[in-house]
Visitor: 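Handing you a structure now.
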Amino acid sequence: MPYEGASILHADLDAFYASVEQHLDPTLRGRPIAVGGNVVLAASYEARACGVHSGMPGWRAKLLCPDLRFVGGHFREYQRLGDAVIEVLRDFTPWVERVSIDEAFLDVAGSVHLFGAPAAIAATIRGRVRDELGLPVSVGVATTKHLAKVASQVAKPDGIVVVDRGAERAFLDPLPVELIWGVGAATRERLHGAGIRTVGELAASSPSTLQRLLGTAIGTKLGFLAANEDQRSVEGGRRAKSMGAQAALGRRAVSRTLLWSTFAFVADRVAPRLRAARRAGRTVTVRVRFVGMRSVTRSITLPWPVSTTTTITEVAVGLAQAALADHPGEREVTLLALSVSNLVDESSLQLELPVLDDDPHRPGTEAGSARWAVDRAVDTVRERFGRAAVGYAPVVFREDGGVPDEFRELAEADARDAPPPDAR
DNA sequence: TCTGGGGTCCTAGGACCC
DNA sequence: TCTGGGGTCCTAGGACCC
């Protein structure tokens, strides 16, 4: 007989990067610390108490919190410990859906006969993660994923919240609307403008009101979540729909050299990942950010999927030049970003017959094949000797002020396809 | 002395096809 | 001569999440 109680767990490590730093260096415990430098990547709870949060410019964080200590960032440790936590979770069920480096859903309905009630499993998980890995983790237990996620947020820091079947409305109704997944600053302000501040008020609002306020899709979804009618199940890996990279530049005058060197650098982060995943994409999107956070995007959907570094670089530069041409007043850029989407499997490419024209962007042409061969060679050398062993000529972009490679790798891993569930 | 890096999903208008 | 309704794809922008 299947377990009828609340069996979905959401486990969420508290202030993950900062907690790892405090674990590695005991002198940092109990103190306000931030991982990062120019920008706060993570803040300890002591730092959050003075209003410091991730994404905040470092100088402002220091202003808010004069005692704030910036620490370097042991990015490889974050990956290792994040993986280790997931392994602990897998000891209780194969039904683990990893959401990000520090967060996962579990369905333990099939595990209660082995490990006890879900609330007991949650407590055991918290104890093991604390004892074996030295990290605080909060866990929400509920009947649905969304509710479990809300519960873990309420449980933070270092707590556990169980929402039993039947207790859902009493739990949700008094909570502020921004605890609903998908309600950020903009949506919260719109809801407040309509006098809706709590989840209960949201759930009591008519679908037409919400749709008028927020648009059809979001209005419908939010109504659903507030009414607790979300029934998504815990599932395994989903394939990535896009892959991208970006480079913050400080403040740089626009030039051909800047565009070519930056996009060569950025494409050299994206294209190898596409090839490693045996995928290629038809749509290339570029974002150019100007001073003051004003930004524009330009995209193009090509007739064929691309994954070669040189081709992606060329398409990106062309798009950026078009974007800049539309904004002749902007002479300085602060960030260049690139994303490849509309992804297809490489296997579908290999079915294409070789074609006779000589477009180097096109797979199957002589020039296109040459690019492909160069990339394969570079990928192979790097597999054996590391990233730095070989590169592409125009990559002279300097990462001064940029974020370390290890952080990029961490973020990439975060977005990588998770393995499918062990059983189905 | 104003902001990292990697993603997902939605909207709205226009092109194009049948 | 002037015209419907439905569908798909593409592009640009924005909100949101970790």
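Note: hydrogens, waters and symmetry copies are ignored here, and every other heavy atom, side chains too, is used. Lettering of chains follows the sequences in order, A, B, ..., and the numbering in each one begins at 1.
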Visitor: Could you check how far CD of A:E412 sits from P of C:dC18, rounded to whole Å?
Guide: 20 Å
Visitor: Take atom CZ of A:R287 and atom P of C:dA15, then tell me their distance rounded to the nearest Å.
Guide: 13 Å
Visitor: Could you tell me whether the side chain of A:R282 and the main chain of A:L302 form a donor-acceptor pair under 3.5 Å?
Guide: yes
Visitor: Please compare A:G244 and A:T334 by the position of their nearest nucleotide in DNA chain B and report the one closer to 5'.
Guide: A:T334
Visitor: Would you please say whether a donor-acceptor pair under 3.5 Å links the side chains of A:T313 and A:T310?
Guide: no
Visitor: Is the closest basic N to carboxylate O distance between A:D405 and A:R269 below 4.0 Å?
Guide: yes
Visitor: Any ring-ring contact (aromatic ring centres under 6.0 Å, His included) involving residues 317-346 of chain A? Give me the pairs, sequence neighbours left out, ordered by first then second residue.
Guide: A:F290-A:H327
Visitor: Under 4.0 Å between a side-chain N/O of A:R408 and OP1 or OP2 of B:dG6, yes or no?
Guide: yes
Visitor: Donor-acceptor pairs under 3.5 angstrom involving side-chain atoms of residues 179-188 of chain A: please list them, not counting sequence neighbours.
Guide:
none

Visitor: Could you tell me how far C:dC18 sits from B:dT3 if I compare only their P atoms? Round to whole Å.
Guide: 24 Å
Visitor: Go through the side-chain N and O atoms of A:R289 and A:T334 and say whether any donor and acceptor fall under 3.5 Å apart.
Guide: yes
Visitor: Do we see a donor-acceptor contact under 3.5 Å between the side chains of A:S19 and A:D14?
Guide: no
Visitor: Contact between A:I8 and A:T143 at the side-chain level, heavy atoms closer than 4.5 Å - yes or no?
Guide: no
Visitor: Counting side-chain heavy atoms from CB outward, which of B:dC2, C:dC18, B:dC9 is closest to A:K241?
Guide: B:dC9
Visitor: Does B:dG4 have OP1 or OP2 sitting under 4.0 Å from an N or O in the side chain of A:S54?
Guide: no
Visitor: Decide, yes or no, whether a salt bridge links A:R98 with A:D83 under the criterion of side-chain N to carboxylate O below 4.0 Å.
Guide: yes
Visitor: Residues from residues 183-191 of chain A sitting under 4.0 Å of DNA chain C, heavy atoms only?
Guide: A:V183, A:G184, A:A185, A:A186, A:T187
Visitor: Within residues 204-229 of chain A, find the residues that approach DNA chain B with a heavy atom at under 4.0 Å, and present them sorted by residue number.
Guide: A:T216, A:A217
Visitor: Which nucleotide sits closest to the side chain of A:D102: C:dC18, B:dT8, B:dG5?
Guide: C:dC18
Visitor: Atom CD of A:Q153 to atom P of C:dC16: distance rounded to whole Å?
Guide: 16 Å
Visitor: Within the pair A:R298 and C:dG13, is there a side-chain N or O less than 4.0 Å away from OP1 or OP2?
Guide: yes
Visitor: Is a salt bridge present between A:R197 and A:E178, judged by a nitrogen-to-oxygen distance below 4.0 Å?
Guide: no
Visitor: Under a 3.5 Å distance rule, please check whether A:S152 uses its side chain to pair with a backbone N or O of A:A11 as donor and acceptor.
Guide: no
Visitor: Rounding to an integer number of Å, can you tell me how far A:R98 CZ sits from B:dG6 P?
Guide: 18 Å
Visitor: Looking at A:R282, does any N or O in its side chain come under 4.0 Å of the phosphate oxygens OP1/OP2 on C:dC10?
Guide: yes
Visitor: Output the rounded distance in Å from CZ (A:R294) to C1' (C:dA12).
Guide: 17 Å
Visitor: Whole-Å distance between B:dT1 P and A:R251 CZ?
Guide: 14 Å
Visitor: Would you say a side-chain N or O of A:S242 is under 4.0 Å from OP1 or OP2 of B:dT8?
Guide: yes
Visitor: Where does B:dC2 land, syn or anti, given syn is within 90° of 0?
Guide: syn
Visitor: Name the nucleic acid region contacted by A:W181, choosing base, sugar-phosphate or nothing; use a 4.0 angstrom heavy-atom cut-off, strictly under.
Guide: sugar-phosphate
Visitor: For the residue pair A:T285 / A:R298, report whether a side-chain donor-acceptor contact shorter than 3.5 Å exists.
Guide: no
Visitor: For A:H53 and C:dC18, what is the distance between atoms NE2 and C1' respectively, to the nearest whole Å?
Guide: 15 Å
Visitor: Which part of the nucleic acid does A:V296 contact within heavy-atom distance under 4.0 Å: base, sugar-phosphate only, or nothing?
Guide: sugar-phosphate
Visitor: For residues A:S307 and A:E346, is any side-chain donor paired with an opposing acceptor at under 3.5 Å?
Guide: no
Visitor: Indicate whether OP1 or OP2 belonging to B:dG4 is found under 4.0 Å from a side-chain N or O atom of A:R289.
Guide: yes
Visitor: By the 4.0 Å heavy-atom rule, please label A:F16 as base, sugar-phosphate, or nothing.
Guide: nothing
Visitor: Applying a 4.0 Å non-hydrogen cut-off, can you work out what A:M293 is touching in the nucleic acid: base, sugar-phosphate, or nothing?
Guide: base
Visitor: At a heavy-atom distance below 4.0 Å, what parts of residues 155-162 of chain A sit against DNA chain C?
Guide: none
Visitor: If you measure from the Lys or Arg side-chain nitrogens to the Asp or Glu carboxylate oxygens, is any gap between A:R31 and A:D67 under 4.0 Å?
Guide: no
Visitor: Could you check which of B:dG6, B:dC2, C:dC10 has an atom nearest any side-chain atom of A:N342?
Guide: C:dC10
Visitor: In whole Å, I'd like the distance from the CG atom of A:L249 to the C1' atom of B:dG4.
Guide: 12 Å
Visitor: Check whether the side chains of A:R275 and A:T309 place a donor and an acceptor atom closer than 3.5 Å, and report yes or no.
Guide: yes
Visitor: Could you check which of C:dC18, C:dT11, B:dT1 has an atom nearest any side-chain atom of A:I300?
Guide: C:dT11
Visitor: Is a donor on one side and an acceptor on the other found under 3.5 Å between the side chain of A:R287 and the backbone of A:A337?
Guide: no
Visitor: Which dot-bracket string describes DNA chain B (Watson-Crick N1-N3 plus N6-O4 or O6-N4, or G-U N1-O2 and O6-N3, all under 3.5 Å; [ ] crossing; | other strand)?
Guide: ....||||||||||||||
Visitor: Does C:dA12 have OP1 or OP2 sitting under 4.0 Å from an N or O in the side chain of A:S299?
Guide: yes
